[in-house]
Trainee: 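Below are the structure tokens for one structure; questions will follow.
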Amino acid sequence: MSSLRSTAVAAALLITTLAPALPASATKTQVSTAYELPGDRVYPEGIAVDPRTGDLYAGSYTDGTVFKMTPGHRVAKVFLPAGADGRDTANGLKVDRAGRLWVTDSTTGVSVYDTRSRRLLATFVVPGKGATFVNDLAITPDGSAYLTDSVRSVVYRVTPKQLARAAGGRATLTPRFDLNKVLDPREPGAFTLNGIVADPSGRYLLTVDMTGADLYRLDPASGAIRRVALTGGDMLHADGLELRGGRLWAAHNVDNVISRWKVTGNGSAARAERRLTDEALQVPTTLVFGNGTLHVVRSQFDKGGPLGEGTPQIPFSIAAVRGI
């Protein structure tokens, strides 16, 4: 892991501003271990579920290993080894309806794999030579992938046609949304955009500004960008997002918090409903529903990872969280 990347992540996550209190959960919550990840330097960051099989995938921030988790088996297996295809990190992950696994590399772009054969199908790289941090991604119903860049404050798009043209090779990512003019002022180099999710109907995307504590609605058809009206809380330190049944879950990493929001039908507003604060979340970076359970990545970034010195709890793990 490069020192530049470590510094950037630390600057993004170690923000000292305090967020307003969110409503506490009115029901009993439970955090338990769902899966164990082999290795003593994993520091997982992203997670995805295969909508066809229920298998889950998690990626290592420190070396790019991608793990596969199968229901009924507690210990994950290595799906893609460290350094596969030149990747030295794995951030956002997503499996599309065709069984393709998308894996972002913060320093370069995104790689697309066949989950059956593990074959690399295509690679998309960021344009230019400036600083970048390709972070998370979402897939819309038309098969397009949208990827956040936390340093450039843009969202890239890869359409099915672009993926087909890049088959077996490399192509350049194309920015679809530029949020630099709508985000609140921030320090140079500060992280902004992080988690991103797609409305099941394809009408809009939601992406979070973890530094500005805001949520934004993106219109794939028109390119329009608008700030979502939040009530009862904000998105400070929000990392990964999950949208399901009109509700939005956010993992607030350094706060060890998961918040739940009720989103309006058109995605223009969201109201905080519940909040879980628990040290057992171990700096949660993202989350996904799989097989009826909310799975949360326990990054432990503050235990010898990019957020500070220390010794992580071994094995690294994925949590199952109920009641939120």
Trainee: Can you find a pair of side-chain heavy atoms, one from L147 and one from L173, that are under 4.5 Å apart?
Mentor: yes

Trainee: If we only count heavy atoms from C-beta on, is the F289 to V49 side-chain gap below 4.5 Å?
Mentor: no

Trainee: Between T211, T192, D209, which is the residue that forms a side-chain hydrogen bond (donor to acceptor under 3.5 Å, both in side chains) with S153?
Mentor: T192

Trainee: Less than 4.5 Å apart, side chain to side chain, heavy atoms only: is that true for Y43 and S299?
Mentor: no

Trainee: Does the side chain to side chain contact (heavy atoms under 4.5 Å, CB included) test come out yes or no for Y35 and I47, once each step is laid out?
Mentor: CA-CA 12 Å; Y35 297 99; I47 192 169; over 6 Å; no

Trainee: So which atom in S317 and which in Q282 form the shortest heavy-atom distance, rounded to 0.1 Å?
Mentor: OG-OE1, 4.4 Å

Trainee: What's the shortest heavy-atom distance between P160 and S144, and which atoms?
Mentor: CD-OG, 3.5 Å

Trainee: Between F301 and Y61, is the ring centre distance below 6.0 Å?
Mentor: yes

Trainee: If the test is side chain to side chain contact (heavy atoms under 4.5 Å, CB included), which one of L276, V296, N256 qualifies with V31?
Mentor: L276

Trainee: Can you find a heavy atom in the side chain of D88 that is under 4.5 Å from one in the side chain of D105?
Mentor: yes

Trainee: For T115 and G99, indicate whether the former's side chain and the latter's backbone hold a donor-acceptor pair under 3.5 Å.
Mentor: yes

Trainee: Can you confirm whether more than 12 heavy atoms, excluding those of R247, are under 6.0 Å from its CZ atom?
Mentor: yes

Trainee: What pair of heavy atoms forms the shortest contact from M210 to N194, and how long is it?
Mentor: SD-ND2, 3.2 Å

Trainee: Is D184 paired with R227 through a side-chain N to carboxylate O contact shorter than 4.0 Å?
Mentor: yes

Trainee: Hey, is the main chain of R152 close enough, under 3.5 Å, to the side chain of N180 for a donor-acceptor pair?
Mentor: yes

Trainee: Identify whether L193 and L206 are in the same connected component of the hydrophobic contact network (ILVMFWY, side-chain heavy atoms under 4.5 Å).
Mentor: no

Trainee: Can you tell me how far the CZ atom of R176 sits from the OG1 atom of T159, to the nearest 0.5 Å?
Mentor: 11.0 Å

Trainee: Using atom types as modelled and distance alone, determine if a side-chain donor or acceptor of T62 lies under 3.5 Å from a backbone N or O of V42.
Mentor: yes

Trainee: Any chance you could measure M235, atom CE, to L241, atom CG, to the nearest 0.5 Å?
Mentor: 6.0 Å

Trainee: Taking N135 as the fixed residue, which of T207, V151, T148 is the one that meets the side chain to side chain contact (heavy atoms under 4.5 Å, CB included) rule?
Mentor: T148

Trainee: Give a yes or no on whether L120 and F79 share a hydrophobic cluster (residues Ile, Leu, Val, Met, Phe, Trp, Tyr; joining criterion: side-chain heavy atoms under 4.5 Å apart).
Mentor: yes

Trainee: Side-chain contact, heavy-atom cut-off 4.5 Å: F177 with Y216?
Mentor: no

Trainee: Determine whether a donor-acceptor pair (N or O, by modelled atom type, separation under 3.5 Å) exists between the side chain of R118 and the backbone of Y113.
Mentor: no

Trainee: Treat each ILVMFWY residue as a node, draw an edge where side-chain heavy atoms are under 4.5 Å apart, and state whether V112 and L80 are in one component.
Mentor: no

Trainee: Taking everything shown except K262 itself, do over 12 heavy atoms lie less than 6.0 Å from its NZ?
Mentor: yes

Trainee: Taking all non-hydrogen atoms of both residues, which atom of R298 and which atom of L281 are closest, and how far apart?
Mentor: CG-O, 3.3 Å

Trainee: Contact between T108 and V134 at the side-chain level, heavy atoms closer than 4.5 Å - yes or no?
Mentor: no

Trainee: Is any side-chain heavy atom of D55 closer than 4.5 Å to one of K68?
Mentor: yes

Trainee: Would you name the heavy atoms of S60 and F67 that are closest together and state the gap between them?
Mentor: CB-CE1, 4.4 Å

Trainee: Would you mind reporting whether R87 and V66 have side-chain heavy atoms less than 4.5 Å apart?
Mentor: yes

Trainee: Please answer whether the main-chain N or O of I324 pairs with a side-chain N or O of T29 as donor and acceptor at a distance below 3.5 Å.
Mentor: no

Trainee: Passes side chain to side chain contact (heavy atoms under 4.5 Å, CB included), L287 versus I258? Steps please.
Mentor: CA-CA 9 Å; L287 63 181; I258 296 174; 4.0 Å; yes

Trainee: Enter the distance from M69:CE to I318:CD1 here, rounded to the nearest 0.5 Å.
Mentor: 5.0 Å

Trainee: Find the distance between CZ (F124) and OG1 (T174) and round it off to the nearest 0.5 Å.
Mentor: 8.5 Å

Trainee: Indicate if L137 and F133 have the same hydrophobic cluster label, given that clusters are the connected sets of ILVMFWY residues with side-chain heavy-atom separations under 4.5 angstrom.
Mentor: no

Trainee: Just by modelled atom types, is the G265 backbone N or O under 3.5 Å from a matching donor or acceptor in the R203 side chain?
Mentor: yes

Trainee: If you apply the rule side chain to side chain donor-acceptor pair (under 3.5 Å), what do you find for N291 with T293, and how did you get there?
Mentor: CA-CA 6 Å; N291 308 303; T293 299; over 6 Å; no

Trainee: Tell me whether the count of non-hydrogen atoms from other residues, nucleotides or ligands lying under 6.0 Å of CZ in R170 goes above 12.
Mentor: no

Trainee: If I compare all heavy atoms of S32 with all of R322, which pair ends up nearest, and what's the gap?
Mentor: OG-NH1, 3.7 Å

Trainee: Does E45 form a side chain to side chain contact (heavy atoms under 4.5 Å, CB included) with L93? I'd like the steps, not just the answer.
Mentor: CA-CA 9 Å; E45 210 276 348; L93 285 81; over 6 Å; no

Trainee: Is a side-chain donor or acceptor of Q300 paired with a backbone partner of F316 at a separation under 3.5 angstrom?
Mentor: no

Trainee: Does the pair V263 and Y204 meet the rule for a side chain to side chain contact (heavy atoms under 4.5 Å, CB included), with working shown?
Mentor: CA-CA 12 Å; V263 181; Y204 63 84; 3.9 Å; yes

Trainee: Quick one: do V154 and I225 end up in the same hydrophobic cluster if we chain Ile, Leu, Val, Met, Phe, Trp and Tyr together by side-chain heavy atoms under 4.5 Å apart?
Mentor: no

Trainee: Going from CD on E273 to OG1 on T231, what distance comes out if it is rounded to the nearest 0.5 angstrom?
Mentor: 10.0 Å

Trainee: Nearest 0.5 Å, what's the OG-CG distance between S111 and L101?
Mentor: 9.5 Å

Trainee: Would you tell me whether N266 and S268 have side-chain atoms, one donor and one acceptor, within less than 3.5 Å of each other?
Mentor: yes

